[in-house]
Trainee: 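Below is the structure I would like to discuss, written out as structure tokens.
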Amino acid sequence: MNAISVQTITTEDTKETIDGVTVLGNYHMNDGYDWMELIGEHGWTVIPGWGCDGWDLGQWPYVMVAGIRDADSIGNLFGMATYCEGDVKTTFYRTKARYWDAITEQAFFNWKNGQAQGPDDLPEAAAEMPSRYRIPPTFQTAAA
């Protein structure tokens, strides 16, 4: 798969099929900083932090989470891509709420597994995280 391609996708939350969406794929050519620059040329932004205090969402340049807000004739479309040493997974959501839930779940995974520095008082499951850990920090607006 190419690092950047246009594909038909199915949204995770509404199960809609949408044609002509820019999807991020595996990137094993250079490092994460090069990936970050490449995806920026296509409207994607690496999200640096998550939660009320902006805890790290990844461990650059090895682990990153990127997002994009787009739209089609029906409405908003939110994309999230996870990057881990060149392996990339991209998902799309119709609603911002489900998009934020997906970022929160990824943040929890990264924090719990030592792939990013997060809050000290994490619960046992992502679903149990308090609302202050489920939002973008107030200083961050891009892609979230």
Side-chain angles (χ1 to χ4, degrees), residues 1-119 122-123 125-129 131-144:
M1 174 183 247
N2 294 329
I4 310 283
S5 61
V6 176
Q7 299 181 23
T8 298
I9 59 98
T10 301
T11 57
E12 297 290 317
D13 51 351
T14 60
K15 304 303 181 199
E16 296 170 67
T17 300
I18 303 170
D19 295 322
V21 179
T22 301
V23 176
L24 305 182
N26 291 343
Y27 183 78
H28 294 286
M29 296 171 54
N30 297 309
D31 67 15
Y33 292 120
D34 293 319
W35 180 77
M36 185 186 314
E37 185 177 329
L38 175 66
I39 68 170
E41 296 170 6
H42 297 273
W44 288 79
T45 303
V46 173
I47 305 168
W50 198 249
C52 60
D53 290 338
W55 291 281
D56 292 343
L57 192 48
Q59 189 177 52
W60 297 6
Y62 309 107
V63 176
M64 293 182 266
V65 177
I68 191 169
R69 180 179 176 192
D70 204 347
D72 64 5
S73 61
I74 296 172
N76 288 323
L77 187 62
F78 301 91
M80 181 183 84
T82 57
Y83 171 100
C84 183
E85 295 188 6
D87 294 335
V88 178
K89 179 182 177 189
T90 303
T91 53
F92 285 88
Y93 306 87
R94 182 58 79 181
T95 66
K96 183 187 276 188
R98 185 58 191 109
Y99 172 63
W100 281 12
D101 285 346
I103 295 171
T104 297
E105 291 165 11
Q106 187 63 46
F108 178 82
F109 177 85
N110 289 352
W111 295 337
K112 201 72 166 173
N113 291 293
Q115 294 180 338
Q117 185 176 2
L122 282 178
E128 299 168 2
M129 289 205 319
S131 60
R132 68 184 181 276
Y133 297 165
R134 303 174 135 311
I135 57 172
T138 56
F139 59 84
Q140 180 178 299
T141 57

Trainee: Report the C-alpha distance between Arg94 and Glu16 in whole Å, list the side-chain angles of each, state the deciding distance to 0.1 Å, and finish with yes or no for salt bridge (charged side-chain N to carboxylate O under 4.0 Å, His left out).
Mentor: CA-CA 9 Å; Arg94 182 58 79 181; Glu16 296 170 67; 2.9 Å; yes
Trainee: Could you report the tightest heavy-atom contact between Val65 and Thr82, atom names first, then the distance?
Mentor: CG2-CG2, 4.4 Å
Trainee: Indicate whether the side chain of Asn30 and that of Tyr33 have a donor and an acceptor atom separated by less than 3.5 Å.
Mentor: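 No, because no side-chain N or O of Asn30 sits under 3.5 Å from a partner of the opposite role on Tyr33.
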Trainee: Let me see the working for Ile39 and Val46 under side chain to side chain contact (heavy atoms under 4.5 Å, CB included), right down to the final yes or no.
Mentor: CA-CA 9 Å; Ile39 68 170; Val46 173; 3.9 Å; yes
Trainee: Does any N or O in the side chain of Asp19 come within less than 3.5 Å of the main-chain N or O of Thr8, such that one atom is a donor and the other an acceptor?
Mentor: no
Trainee: Hey, is the main chain of Asp34 close enough, under 3.5 Å, to the side chain of Asp31 for a donor-acceptor pair?
Mentor: yes
Trainee: Applying salt bridge (charged side-chain N to carboxylate O under 4.0 Å, His left out) between Glu105 and each of Arg134, Lys112, Arg98, report the one that passes.
Mentor: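 Passing option: Arg98.
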Trainee: I want to check something: taking the side chain as every heavy atom from C-beta on, are Phe108 and Tyr133 in contact at a cut-off of under 4.5 Å?
Mentor: no
Trainee: Centre-to-centre under 6.0 Å for Tyr93 and Trp100, is that the case here?
Mentor: no
Trainee: Quick one: does any side-chain atom of Trp111 pair with a main-chain N or O of Asp56 as donor and acceptor, under 3.5 Å?
Mentor: yes
Trainee: List the atom of Gly58, the atom of Asn110, and the distance in Å for their closest heavy-atom pair.
Mentor: CA-ND2, 4.3 Å
Trainee: State, yes or no, whether a side-chain contact exists between Trp44 and Thr90 at a heavy-atom distance under 4.5 Å.
Mentor: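 Trp44 vs Thr90: side chains touch.
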Trainee: With side chains defined as the heavy atoms from C-beta onward, is the minimum distance between Ile103 and Trp50 less than 4.5 Å?
Mentor: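 With C-beta onward as the side chain, the pair touches.
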Trainee: Counting only heavy atoms not in Gln117, do more than 12 sit closer than 6.0 Å to its CD atom?
Mentor: no
Trainee: Given Thr95, which of Thr14, Thr11, Asp13 fulfils the side chain to side chain donor-acceptor pair (under 3.5 Å) condition?
Mentor: Asp13
Trainee: Main chain of Ile74, side chain of Asp72: is a donor-acceptor contact present, judged purely on distance under 3.5 Å?
Mentor: yes
Trainee: What I'd like to find out is whether the side chain of Val6 reaches to under 4.5 Å of the side chain of Val23, using heavy atoms alone.
Mentor: no
Trainee: What closest approach, in Å, do Ile68 and His42 show between heavy atoms, and which atom pair accounts for it?
Mentor: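 So the two residues come closest at CD1-O, 3.8 Å.
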